[in-house]
Every structure is written in C-alpha cells, then in structure tokens.
Amino acid sequence: MTATDINRTIDAVWRIEQAKLIAGLTRITRDVGVAEELAQDALVAALKQWPDSGIPNNPGAWLMQAAKHRAIDVLRRSTRINRKHEEIGRELAELERTTPDLDSALDDTVGDDLLRLVFISCHPILSTEARVALTLRLLGGLTTEEIARAFIVPEPTIAQRIVRAKRTLADAKVPFEVPRGPDLVARVSSVLEVIYLIFNEGYAATAGSDWTRPGLCEEALRLGRIVAELAPQEPEVHGLVALMEIQASRLRARVGPKGEPILLLDQDRSRWDQLHIRRGFAALLRADTIGRPLGPYALQAAIAVCHARARIADDTDWVRIAELYAALAQVSPSPVIELNRAVAVGMAHGPAEGLKLVDAIAGEPSLKSYYILPTVRGDLLEKLGRKDEARAEFERAATLTKNERERAVLLGRAAACA
C-alpha cells in the first residue's frame, strides 16, 4: 500500500470514527472542546505511525486508545486545573481503568455517547448558526473550510462560531447526558431543527451559484439515520428521516444539464431515486407504528409521499395534500405553512382559492423578505391571466432571492409574462 493509499484510508477512517471518538472522550473529559483536541491528537499520531506500522485491524479502537493515553498525559501535565489532588486522581483512575484490549476499547456505551454528543451539539443555549456549525464539525467531521464553503460564509466567521459554541458549553457546564422527561421533547426538536436546516441548505441553497448542494443533503441524512437508531421511540425522528429520504430522491431531477433549476411539476420522475423513496416510505411507517399522533415532520413526509406516488404530475392527489397541510397548520401553525397550503389549495380547487389564502397572509412581517411569497402569488396570478401583476411579483421575488439560479428562473418567468 502506497503512502497516498494509507493517507486516503486514514482520511476515510477519520470520517467514520471522529464522532465516536469525540463522544467517548467528552464522556471522560466533560468538555467537548478538549475532547475534539484529543481526537485530533490521535489523528496526528495515526498519520505519523500508520505509514510505517500499517493500518491496525481495528483503527477506531486504536485511535480511541491513543486519545485516552494523550488525555492521561494532558491531565498529568496540566497546570491549569484547579482541583483537589484526590479529584484529579479519580479522573486518572477512570481513564486508566479502561481495558487495554483494543478490540473492546470502543465499548457498548458508544451509542449512548453519540446520542449525548448530538444533544450537546444542538443545545438550545447556542444560536441556531452555532448549532449547525458545531454539529457539522463534531458529528459530520467537516472541516471549518468545508462548512464555510457550503454556507457561503467567510471561514473566520465559521471558526469563531465553533470556538464560541465550545466556550459557551464549557462556561455553562452543560452536562454530558441525554435529557429526560419534558426536557427531552424540547431537545429532540432542537436536534431535528438543526439536521433539517442542514438538509434544506443542500436541497435549495439560499445563496451562491449552485441550485443544490447534494453533499449537505447526504450529511443531514446520515445524521438523521444515526439519531433514528439512537432514539428509536421518537416518531418525529423517523418522520424527519422519511421526509429527507423522499426529498433527496428528487435531487438528480431538480437540476438540468447546465445546472439550471427544474421545478417539481416539470421534473422527469423516472430520474427520482427509488431506493430513497422506499427508505422514506419505511421510515414513515416506522413513525406511524409507534402509536403517537403524527408531528410536523411526519406530516410533511406524508405530503412528500403523495408526490412520490404520482408517476406523472397530473396524477398528484392535491386534495389530499391540501388536507395534510391543513392538519400541519393545526399542529405547527406558521405563515410559511399557510403559504404552502395556499399552493396546494390552488392546485386542488383553482388559483382563485389559492390566491385568497395568499392575500390573507401577505402582510405577515415574517414573510416580508421571503421571496417564495411573491413567487407563489405570481404563479397564481399568471394562471388567472393577470399577466402584468404576475410579472411584477416575479420581478419582486427576483430581488429578494440570494441564489443566482433562482433569480434567473424568476426573471425568466417575469419576461414570459410581458
């Protein structure tokens, strides 16, 4: 095996094992920042030793053992720890008590540790932007540069968010544990919000020259699947996985040969990925069989199922979709959901009915800069033959979007109404 092959293998192992390492080390150190540094030290050790010694049989366990040895050294040499000697001794005893058998170094608690790390990364004490950045860094294994590039944000900004997030968690002494009782529901919601934000940025990029960023969708799906296995009795986790799977099935069909956007009703449905669709159906069934009422993500997944079942756009059951949006509005009321319901009602019962719903929410402050509002209104006006009004709405939408591909589509629609 060449040095290049070994380095590629190390990179692949690191992508797979990083989150487990940080999770296990956070359990020991109670500090996610220190845990990440120790994991990085283990990676450096692997880069130095594996080219000579070869890839170990259990590379993940090797990395964990190297990180634990490093943790012992750091604790012994640290002059910054202001604790009683017996307390330090207890921590060292806990570290050294770990079995030296590399095959069992990653023990059965790894699943619990990963789940704890998920809850820390997505802790509500952090801003939404910080939660997203920290989750991609610790659980996704993305570099600061990769996160910055994905969200079209300067790299120093992302670096600052991650550093501040770690400091905030350390200063607040956030416990490394899975929340219980009423706290669990709120914390699960925070985790799912972060994962879906990551997915949506990949599915419909808010800025830049790319219409989609499939890599972010894949990362969000991977995280969602992990959480679904770690929290199998939470129906909304499976609902979100179902929603992302079905939406991800359309990624190849959403972009034309030159990168141009292709809207849902114009897509070649033969290009939809059937494996993603089957996985989505299975995840939604899993959510349903838990026996609790469907939540917002599961209801959105049920809407996605309606689209996935239609072999051609004309077969779409818009009446059922409008009903599901009405149910969603009851469970999770918001102007955006009402806007989506207006689209479904317009398709099911005519554009005039849809326009009534849009006009009823047009004054909502939260929709003032939301380019989808004038886009939907323009579409409904165009169908009603009110071309001049439609053109003005498409032009206004084009000024609000930050995505270059989206802007081109909207200006094209405005021109077609002239």
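The first residue in the sequence is number 1, and the count goes up from there. Computed from heavy atoms alone, side chains included, the values below leave out hydrogens, waters and symmetry copies.
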- Would you check if the side chain of Glu145 reaches a backbone N or O of Glu155 as a donor-acceptor pair within less than 3.5 Å? no

- Message: Quick check against the 3.5 Å criterion: does Glu146 have a side-chain atom that pairs as donor or acceptor with the backbone of Thr143?
- Response: yes

- Message: Test your reading of the model: is there a side-chain donor-acceptor pair from Arg252 to the backbone of Ser249, 3.5 Å cut-off?
- Response: no

- Message: Atom CZ of residue position Arg311 - does it have more than 12 heavy atoms of other residues, nucleotides or ligands inside 6.0 Å?
- Response: no

- Task: Would you please test Leu243 and Phe199 for side chain to side chain contact (heavy atoms under 4.5 Å, CB included) and show each step?
- Result: CA-CA 10 Å; Leu243 175 59; Phe199 181 88; over 6 Å; no

- pair Trp62-Asn58: side-chain heavy atoms closer than 4.5 Å: no

- Residues Val409, Glu260; criterion side chain to side chain contact (heavy atoms under 4.5 Å, CB included); working and verdict: CA-CA 8 Å; Val409 169; Glu260 69 276 14; 5.9 Å; no

- Message: Looking at Glu245 and Arg225, is there a salt bridge between them, counting it only when a charged N and a carboxylate O are closer than 4.0 Å?
- Response: yes

- Can you name the closest pair of heavy atoms from Thr144 and Arg137 and give their distance? OG1-NE, 4.1 Å

- Query: Checking side chain to side chain contact (heavy atoms under 4.5 Å, CB included) for the pair Arg187/His123: CA distance, chi angles, key distance, verdict?
  - Reply: CA-CA 7 Å; Arg187 293 285 293 280; His123 198 286; 3.4 Å; yes

- The complete set of side-chain hydrogen bond (donor to acceptor under 3.5 Å, both in side chains) pairs with one or both residues in residues 366-376, sequence neighbours excluded, reads Tyr371-Glu406

- Message: Checking the side chain of Trp50 only, and the main-chain atoms of Ile6 only, is there a donor and an acceptor separated by less than 3.5 Å?
- Response: no

- Are the side chains of Arg377 and Asp359 in touch, meaning some heavy atoms are under 4.5 Å apart? yes

- Hey, is the main chain of Pro214 close enough, under 3.5 Å, to the side chain of Thr212 for a donor-acceptor pair? no

- Val191 side chain near Ile195 side chain, heavy-atom distance below 4.5 Å: yes

- Message: Just so I know, are the side chains of Thr206 and Glu201 near enough to count as touching, which here means a heavy-atom distance under 4.5 Å?
- Response: yes

- Is a side-chain donor or acceptor of Asn403 paired with a backbone partner of Ala205 at a separation under 3.5 angstrom? yes

- Item | Exercise: identify the closest heavy-atom pair between Leu367 and Ile361 | CD1-O, 3.7 Å

- Message: Could you check whether atom NZ of Lys402 has more than 12 heavy atoms from other residues, nucleotides or ligands sitting under 6.0 Å from it?
- Response: no

- Lys/Arg-Asp/Glu bridge criterion (N-O < 4.0 Å) met for Glu129, Arg161: no

- Once you round to the nearest 0.5 Å, how far does OG1 of Thr168 lie from CD1 of Ile125? 6.5 Å

- Interatomic spacing from CD in Glu37 to CD1 in Ile22 - rounded to 0.5 Å: 10.5 Å

- State, to 0.1 Å, how close Asp315 and Ala310 come at their nearest heavy-atom pair, and which atoms those are. C-CB, 3.8 Å

- Look up atom CD1 in Ile226 and atom CG in Leu115, then write down how far apart they are to the nearest 0.5 Å. 11.0 Å

- Task: Starting at CD of Glu36, measure out to CG of Leu21 and round the result to the nearest 0.5 Å.
- Result: 11.5 Å

- Query: Do the side chain of Gln300 and the main chain of Pro296 share a donor and acceptor less than 3.5 angstrom apart?
  - Reply: yes

- Query: If you round to the nearest 0.5 Å, how far is CG of Leu384 from CG of Asp379?
  - Reply: 9.5 Å

- Message: If you define the side chain from C-beta out and look only at heavy atoms, does anything of Arg278 sit under 4.5 Å from Leu275?
- Response: yes

- Task: Ignoring hydrogens and angles, tell me if any N or O in the side chain of Asp210 forms a donor-acceptor pair with the backbone of Arg213 under 3.5 Å.
- Result: no

- Message: What's the separation between atom CD1 in Ile10 and atom CG in Leu47, rounded to the nearest 0.5 Å?
- Response: 4.5 Å

- Between Thr316 and Ala313, is there a donor-acceptor pair closer than 3.5 Å when you use the side chain of the first and the backbone of the second? yes

- Message: Tell me the closest heavy-atom pair linking Val194 and Arg131, and the distance in Å.
- Response: CG2-CB, 3.6 Å

- Item | Step-by-step salt bridge (charged side-chain N to carboxylate O under 4.0 Å, His left out) determination, Lys383 to Glu353 | CA-CA 12 Å; Lys383 289 174 179 175; Glu353 294 301 312; over 6 Å; no

- Would you kindly say whether Thr26 and Arg116 are connected by a side-chain donor-acceptor distance under 3.5 Å? no

- Under 3.5 Å: donor-acceptor pair, side chain of Ser332, backbone of Leu328: no

- Write down the atom of Ala242, the atom of Ala301, and the distance for their closest heavy-atom approach. CB-CB, 3.8 Å

- Contact check, side chains of His276 and Leu221, non-hydrogen atoms, under 4.5 Å: yes

- Query: For Tyr203, is the NZ or CZ atom of Arg250 found under 6.0 angstrom from the centre of its six-membered ring and inside 45 degrees of the ring axis?
  - Reply: no

- Item | Electrostatic pair Glu404:Arg407 at N-O distance under 4.0 angstrom | no

- Start with the C-alpha gap between Met347 and Leu265, add the side-chain angles, then the distance that decides, and say whether side chain to side chain contact (heavy atoms under 4.5 Å, CB included) holds. CA-CA 11 Å; Met347 296 297 292; Leu265 298 183; 3.8 Å; yes

- Task: Evaluate the side-chain proximity of Lys20 to Asp113: yes if any heavy-atom separation is below 4.5 Å, no if none is.
- Result: no

- Task: Answer yes or no: are there more than 12 heavy-atom neighbours, outside Arg8 itself, under 6.0 Å from its atom CZ?
- Result: no

- Query: How close do Ile321 and Ala344 get, heavy atom to heavy atom, and via which atoms?
  - Reply: CG2-CB, 3.8 Å

- Does Asn7 reach the side chain of Asp11, with side-chain heavy atoms less than 4.5 Å apart? no

